[in-house]
Colleague: 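One structure, pasted below without further comment.
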Amino acid sequence: LYQRFLYRSTITRYTGDVAQMTKSKIFLFSLIAFIAGVAARSFMFVPYAAVWLGAIGAVTVFAVGISRKERAVWISGLFFAAVLLGIFRYDMVERVRPDLSRWYGAALGAEGIVWQEPEQSQNAARMKVRIIGIDGARLERPFFVLATVRRFPHYQIGDALRLEGVIERPENFGEFDYISHLARDSVFAVMAFPEIEKTGEGQGPRLATMLARVKNAFEANIDAVLPEPHAAFLKGLTLGDRESLPSELVEQFRRTGTSHIVALSGYNITMIGRFFSTALLAATAPFQLTFWISTSAIVLFVLLTGASASVVRAGIMGVLVLVAEKGGRLYQMRNALAFAGAAMIFHNPYVLRFDAGFQLSFLATLGLVYLSPHVENAIPMLRSKPDFGHGGDRQALFPLRRTLIETLSAQLAVLPLLIYLFGQISMISPLVNVMVLVAVPYAMTAGFITGGLGFVSHLLSQAAGWINWLLLEYILRVIGFSARIPFAAIEAGGVTLTVLAGMYFWFGWRIWKRPARI
């Protein structure tokens, strides 16, 4: 019945008749059309006259279809209007950029507040500062500047600063649209190594300031009981903090295709929810209670890590996977996922093209939801077999089946984009991920316990830290050994957007034409 629903509720493969579309499909394709409009506008400028003429045409077609009761006509008008709405929304964001031309290139003194946790690198730090005053004059419309500063002294969210230097207009680097990349975070100016004087603290967003202090204290608890590089790795695993990771370890992650485990993506956050779900269900907890506890765990995790925009997006993706499992039907998840993506893009259209974290999270979530049945059906050893004697699926022969399916599905979904972004393919990524990810949820849980106990007792935290060290040591040893294998990673060369789009079109077409039997 489910397979028949999929076939009958789409633009059918047999007749191609738009009139066969259900309300659910109309909603889905309207969201996709809106996203397509944003994507098109992010690559090219569309004259305003063309947008308005197109809007008039779309409304006319829609009205004619309604008046004549021709379903295919008004649906076509609706889709065209959704595309134009995406174009118009992108233009709206472009037009609200602040005019900073009078300050570009000028040496001045600016008063500002550190608005986000500074990002540390080996040689410098970058922090987003909200400028509220220039040369002692209060600004009616504050703006953000990205300041590149020395690593020391450290600054925190909420610190009030006076910056003496030159405000510059951002510039693009080759083919990289750095201006739009910064605009994604509402940043339209940069300062390079200004003279800084700290004039106060605790003046930023209260919730963000409080969360930053909790995060810093949590990291200090980890540093107090674990050696390096285990402490740095655990901070990356639990909080997405990659600043203190040794360069050698980062290279090992890259060669083995495991960099995602220290990046707060939708896939990793999904693993947190999945861990709690599995543990609670194994303890015979009611399904509804399990769902809400798992969702609450994801929300608390997002808050603990600082609730930055990228982490919030990843959290939404993780919750949506739990919603899909709770509903038990892909066609329900399909609209929810499309709506969540469209809502994020409507809020900030720049994330669609200029936020790799959003792209990877969204694609990994799609892979978990849609590719998992296909991966399971394609590999006979991964198929679950009914065990009629025990009333369940016989999975004991392959206890890592679900981990392997989810890993392969997520990796397959993000592979074309990873090749495009980094120009490299890890040949051993699926195998290493399966060996590593079986321990990652336990290491993360033990990490939260270790850091949390540090607020209560150093002795208890140290005891938990020993267990944590064993799990981390296993993961690091597997990654380190695998990275030394010859040809573990190969260069893929430059991949054009056309090839990238073609690969995803092929994936989508295969799923569309041959829905997996689940």
Colleague: Under 4.0 Å between a Lys/Arg side-chain N and an Asp/Glu carboxylate O for R162 and E164?
Modeller: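 E164 and R162: salt-bridged.
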Colleague: Flag this pair as yes if the NZ/CZ of R353 is under 6.0 angstrom from the six-membered ring centre of F43 and inside a 45 degree cone about the axis; otherwise no.
Modeller: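 Positive - R353 is close enough to the ring of F43 and near enough to its axis.
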Colleague: Going by ring-ring contact (aromatic ring centres under 6.0 Å, His included), name the pairs with one or both residues in residues 194-238, residues two or more places apart or in two chains.
Modeller: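 Every ring-ring contact (aromatic ring centres under 6.0 Å, His included) pair that includes a residue of residues 194-238, provided the two are not neighbours, is H230-W469, F233-F253.
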Colleague: Who passes side-chain hydrogen bond (donor to acceptor under 3.5 Å, both in side chains) against D135, sequence neighbours left out?
Modeller: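 Applying side-chain hydrogen bond (donor to acceptor under 3.5 Å, both in side chains) to D135 gives none.
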Colleague: Can a donor-acceptor pair be found between the side chains of E94 and Y350 at a distance below 3.5 Å?
Modeller: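 E94 vs Y350: donor-acceptor pair found between side chains.
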Colleague: Taking the side chain as every heavy atom from C-beta outward, state whether P194 and V149 have any pair of such atoms under 4.5 Å apart.
Modeller: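 Yes - at least one pair of side-chain heavy atoms lies under 4.5 Å apart.
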Colleague: Can you find a pair of side-chain heavy atoms, one from N221 and one from T450, that are under 4.5 Å apart?
Modeller: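 Not in contact.
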Colleague: Is any side-chain heavy atom of L182 less than 4.5 Å from a side-chain heavy atom of V190?
Modeller: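 Yes, their side chains come closer than 4.5 Å.
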Colleague: Check whether more than 12 heavy atoms from other residues, nucleotides or ligands sit under 6.0 Å from atom CZ of R138, and answer yes or no.
Modeller: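 Not more than 12 within 6.0 Å, no.
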Colleague: Kindly indicate whether the side chain of P142, heavy atoms from C-beta on, has any atom under 4.5 Å from the side chain of I131.
Modeller: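 A side-chain contact is absent here, since even the closest heavy-atom pair is not under 4.5 Å.
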Colleague: Scan residues 35-57 for pairs that pass side-chain hydrogen bond (donor to acceptor under 3.5 Å, both in side chains), counting only residues two or more places apart or in two chains.
Modeller: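 Non-adjacent pairs meeting side-chain hydrogen bond (donor to acceptor under 3.5 Å, both in side chains): R41-D91.
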Colleague: Is any side-chain heavy atom of L163 closer than 4.5 Å to one of V129?
Modeller: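 Yes, their side chains come closer than 4.5 Å.
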Colleague: Aromatic rings F152 and H154: how do their planes relate, parallel, tilted or perpendicular, breaks at 30° and 60°?
Modeller: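 Because their plane-to-plane angle is over 60°, the rings of F152 and H154 count as perpendicular.
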Colleague: Start with the C-alpha distance between V166 and L108, add both sets of side-chain angles, then the distance that settles side-chain contact (heavy atoms from CB on, under 4.5 Å), and finish with yes or no.
Modeller: CA-CA 6 Å; V166 179; L108 45 78; over 6 Å; no
Colleague: Take atom CZ of F339 as the centre, draw a 6.0 Å sphere, and report whether it contains more than 12 heavy atoms from other residues, nucleotides or ligands.
Modeller: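 Not buried by this count: 12 neighbours or fewer within 6.0 Å.
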Colleague: Passes ring-ring contact (aromatic ring centres under 6.0 Å, His included), F80 versus F62? Steps please.
Modeller: CA-CA 9 Å; F80 189 41; F62 180 81; over 10 Å; no
Colleague: With sequence neighbours excluded, what pairs up with R213 under the salt bridge (Lys or Arg N to Asp or Glu O under 4.0 Å) test?
Modeller: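 Partners of R213 under the salt bridge (Lys or Arg N to Asp or Glu O under 4.0 Å) test: none.
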Colleague: What residues form a salt bridge (Lys or Arg N to Asp or Glu O under 4.0 Å) with E251, not counting sequence neighbours?
Modeller: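 E251: salt bridge (Lys or Arg N to Asp or Glu O under 4.0 Å) contacts with R254.
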Colleague: Under the side-chain hydrogen bond (donor to acceptor under 3.5 Å, both in side chains) rule, collect the residues that match up with R126, sequence neighbours excluded.
Modeller: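 With neighbours one apart ignored, the set is empty.
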